[in-house]
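This report refers to the structure that appears directly beneath it.
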Amino acid sequence: MNRILTIGRRDMLRASLMGSAAALLPTAARAASTVPRSTPVSWIDGEAPMLSLGQTFGVPWPRGAVKPGAPLVVRSDGKPLSSQHWTLATWPDGSLKWSAHALPAGMDQPATLDVALGRAPVPQPGLFVREQEDAVEIVSGATRWRFPRKGAVVVAGAWSGNRQVMGPLTLVASVDDAPENGRRTPLIGRIARVTVEQKGPVRAVVRIEGMHEGAGRSLLPFSVRFYAYAGGDHVRVVHSFIFDGDPEKDFVSSLGLAAAVPMTGAPHDRHVRLATTQGHLFSEAVLPLTGLRRDPGEAVREAQIAGRAVPMDAMADSVRPLLDRIPTWSDFSLSQLSADGFAIVKRTQAGHAWVDATAGTRALGLGYVGSPAGGVALAARYFWQRHPTQIDVRDAAADEARLTLWLWSPEARPMDMRPYRGVLGMEGYDAQNEGLAITYEDYEPGWDSATGTARTSELTLWACAATPDADRLAAMAQANAVPPQLMVVPQRIHAANVFGPWALPDRSTPMKARIEDQIANLAAFYEAEVDRRRWYGFWNHGDVMHTYDADRHQWRYDIGGFAWDNSELSPDLWLWLSVLRTGDAGLFRFAEAMTRHTGEVDVYHLGRFKGLGTRHGVQHWSDSSKQPRISNAIYRRIYYYLTGDERVGDLMRDLLLSDQTLAHVEIGRKVPGAERKTLPEGVIEMTFGTTWCAVASSWLAEWERTGDRKWRDRLLAGMTSIGGLQYGWLTGTAPFDLSTGRFLGKGDDISVSHLNAVFGALELNAELIDLLDVPTYRTAWLDYCRWFNAPRAEWEAKFPVPYRGRNLREGHSRLTAYLAHETRDPAMARRAWEEFFSGEAGLGLSQGDPRVTLKGPQILGPTVEWPHVSTNAAAQWGLAAIENLALIADALPAQG
């Protein structure tokens with residue numbers, strides 16, 4: 001067992017990648033690390049994509065290795081590529097911690113890439129931004145985009161060379177005053193602010209903020225970013241809006257983007273394309289020349305199908321004079337009202353009947369309208385996953401067509417954001433606690449409001465010089481639906497020593513292999529459950545359910561706190577650490593969808609709960625427990641640094657003052673028998689793990705992103721004051737001064753909660769202790785790690801407070817493992833593995849085959865072999881497995 005004192009696999013790997021024995025020294029003893037010779041970067045799907053719409057990815061750097069401002073370049077087989085980089089985060093010594101890198105768009109992407117010191121060539125053709133008094137223009141090669149600074153048009157137009165191929169693009173919506181048969185008020189987005197966030201030469205970003213307006217109302221605030229990449233004829237669009245209406249009166253009945261498209265040429269040279277299933281297109285002309293009673297000629301038919309101008313001199317004499325007798329089809333719609341079905345209809349013009357064209361299951365979500373002289377394509381990611389969606393083409397036979405992509409289809413029922421339940425006599429706290437006891441739902445009238453929740457959608461908008469051919473359109477649709485993604489290889493991320501304790505997969509012994517298999521199978525199980533259970537829809541996609549009902553063979557979607565998980569016990573962290581270890585594409589996109597959901601839908605972005613998240617429930621906002629443990633920035637941070645995603649950066653920054661919200665939202669207001677302390681104004685009672693650590697994670701992100709010492713000092717204030725309490729972290733909760741960020745009092749009471757360390761506390765503290773030298777805080781945290789899972793006899797010999805049972809003992813084994821690692825204590829390492837293998841308050845490996853397997857179809861579908869399936873237990877097991885392997889792997893028994 002003394003092997004725990006030797007240099008571990010992680011240290012050896014770091015040394016080999018850094019090329020320096022200095023990497024084996026303790027972090028605090030290293031003044032600087034050697035710059036890695038190169039950083040391998042790979043496509044998460046294992047091969048270069050057919051089409052990349054431009055790439056942005058993050059690269060971590062060891063502390064002290066790279067100076068700020070150092071030139072960095074992306075290479076392919078040692079050859080520098082046109083690229084752009086900027087700083088995402090720095091270490092406390094000012095050295096680079098995370099850099100972001102952008103690559104141009106285009107076909108024929110390099111299969112092998114790396115990042116190294118060096119200067120990047122300027123792309124040809126380049127990308128540049130013109131900032132004018134009334135507008136901002138982005139020029140990428142022959143494509144030009146114009147963004148007005150005010151008004152109700154977010155994009156004035158797009159040009160391909162001298163031809164305008166797109167007219168005004170607007171944000172459109174509507175709101176009804178009733179859930180059924182209500183009066184509909186159309187809305188249009190009006191600009192309040194335009195910001196140029198990046199100017200190229202590879203990547204440019206314009207952010208537009210405003211409100212939707214109509215009939216004297218102003219609501220649904222929006223923030224839309226347009227991303228342009230050198231080499232592309234498109235912009236990526238990241239569209240975010242907040243629901244700020246009254247759920248009882250405001251029923252959003254549509255939400256989308258609409259582009260005007262100039263139409264030239266004869267009707268038979270005008271084309272509509274709709275991407276259906278992968279590799280398939282609905283391809284039709286406004287005036288079709290195929291399938292006629294008289295054959296126009298093979299050359300004519302081939303040209304129209306390909307989207308080229310029809311050669312009139314090749315048209316059959318029997319057809320040419322009769323073109324006016326063929327109906328023109330002006331309007332087309334593709335509606336995806338469920339995850340399993342879409343339908344396409346068309347009509348000749350308003351006032352005439354719609355005709356069914358075709359139908360299918362899951363559309364990729366791209367629409368195009370135009371001619372050989374140019375046109376517009378617009379696509380939405382998660383098109384079928386985020387139903388109800390729709391693509392409309394209108395007036396294709398007129399001088400100007402309209403292409404609209406609906407993020408919420410106007411043909412679906414309006415959004416119903418009202419509470420799903422009544423009060424049921426639970427006006428008071430006593431009755432509400434009785435409700436909690438039976439349904440696990442912490443209900444309170446008025447605290448189940450959806451006002452302030454948000455949603456972000458990702459789209460791509462193309463300004464096409466001509467109608468793209470079928471292969472190009474299919475590639476465009478696929479690249480939007482499943483965006484290619486570059487990621488630094490796991491070994492190199494691991495060697496940079498970021499994100500606390502995690503280790504690369506290791507199957508070198510039977511027990512390690514068994515644990516690794518269970519980690520992989522658990523994640524794969526939940527990834528597959530999303531589709532098996534159809535966890536889709538505009539507001540639901542990205543979340544998973546909390547607990548399974550083995551009697552109904554159904555997840556408990558309708559039972560209070562057992563329904564949607566809302567980040568309970570950190571599944572986000574578990575999935576992202578799994579991604580860091582493996583680089584697995586499926587896990588990356590599963591975790592990405594969860595990040596998009598939990599950071600938007602489960603969090604309040606305005607109003608009295610701003611900055612707080614909602615505990616798990618039947619609706620994502622239905623539980624009355626509003627806490628920072630759910631809005632936790634640590635759940636977004638890994639994705640932010642891997643991708644440089646600005647929207648997620650916004651979400652983390654929005655949490656900086658979320659502790660201030662707790663001045664009027666008391667988390668523990670309903671706890672039976674809890675002591676109600678009279679505190680001075682500006683002082684609140686705050687728990688260390690579920691609250692302080694959650695808010696501190698946003699302060700850490702802001703400090704490393706900006707270098708602003710204000711946030712470092714706020715971290716230090718909390719750490720030093722906790723370290724100064726008599727029982728340190730074991731105090732659990734203490735009065736907190738909102739102005740100074742310090743905990744107050746002597747801390748001479750002990751309050752140990754099973755929740756305090758399971759919302760990112762270990763992961764955050766591992767980083768804080770590494771970054772900030774506060775010995776008393778380190779001691780306080782290690783004491784907590786020692787005593788949480790301590791045997792009853794040892795506890796009672798040490799403390800005057802009675803020992804109470806510990807929940808989630810298996811998951812908390814990683815606290816014991818952290819202590820063992822930091823103190824190099826083999827006995828603690830053995831204790832940690834005993835706790836982990838006990839299966840106590842967790843999943844365990846002691847109940848037979850560790851793999852998650854499925855039985856045959858039951859009443860309502862497949863069920864799992866465990867008697868009680870709980871997502872939070874799975875997440876805690878996964879985190880404990882990953883982190884124990886990182887901290888004390890050498891103390892692991894060879895056999896189970």
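We number each residue from 1, following the sequence as shown. Source: prediction; values computed, not measured.
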Report task. Determine the interplanar angle of the Tyr229 and His234 rings, folded into 0 to 90°, and report it as parallel if under 30°, tilted if 30 to 60°, perpendicular if over 60°. Result ->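 Parallel.
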Whether [Y] and [X] form a salt bridge (side-chain N of Lys/Arg under 4.0 Å from carboxylate O of Asp/Glu) is what I want to check.
| X | Y | result |
| --- | --- | --- |
| Arg455 | Glu600 | no |
| Arg653 | Asp708 | no |
| Asp395 | Arg402 | no |
| Arg589 | Asp45 | yes |
| Asp176 | Arg184 | yes |
| Arg647 | Glu458 | no |
| Glu646 | Arg207 | no |

Query raised in the report: Between Ala230 and Pro201, which heavy-atom pair has the shortest distance, and what is it?
Result: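 It is CB-O, 3.8 Å.
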Query - Minimum heavy-atom distance Ala48-Ala111, with the two atoms named - result: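 For Ala48 versus Ala111, the nearest heavy atoms are CB-CA, 4.0 Å.
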Query raised in the report: Out of Ile44, Val115, Thr643, which residue meets the side chain to side chain contact (heavy atoms under 4.5 Å, CB included) rule with Phe57?
Result: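 Testing Phe57 for a side chain to side chain contact (heavy atoms under 4.5 Å, CB included) against Ile44, Val115, Thr643 leaves exactly one candidate, Val115.
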Report task. Report yes if the distance between the aromatic ring centroids of Phe222 and His212 is under 6.0 Å, otherwise no. Result ->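 So the answer is yes for these two rings.
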Query raised in the report: Can Phe147 and Ile191 be said to form a side-chain contact (heavy atoms from CB on, under 4.5 Å), step by step?
Result: CA-CA 10 Å; Phe147 303 91; Ile191 297 168; over 6 Å; no
Query - Donor-acceptor contact below 3.5 Å, side chain Asp244 vs main chain Leu219 - result: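 Here the side-chain-to-backbone pair does not exist.
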Query - Test log, rule side chain to side chain donor-acceptor pair (under 3.5 Å), inputs Gln132 and Arg146 - result: CA-CA 10 Å; Gln132 302 167 348; Arg146 184 173 177 83; 2.8 Å; yes
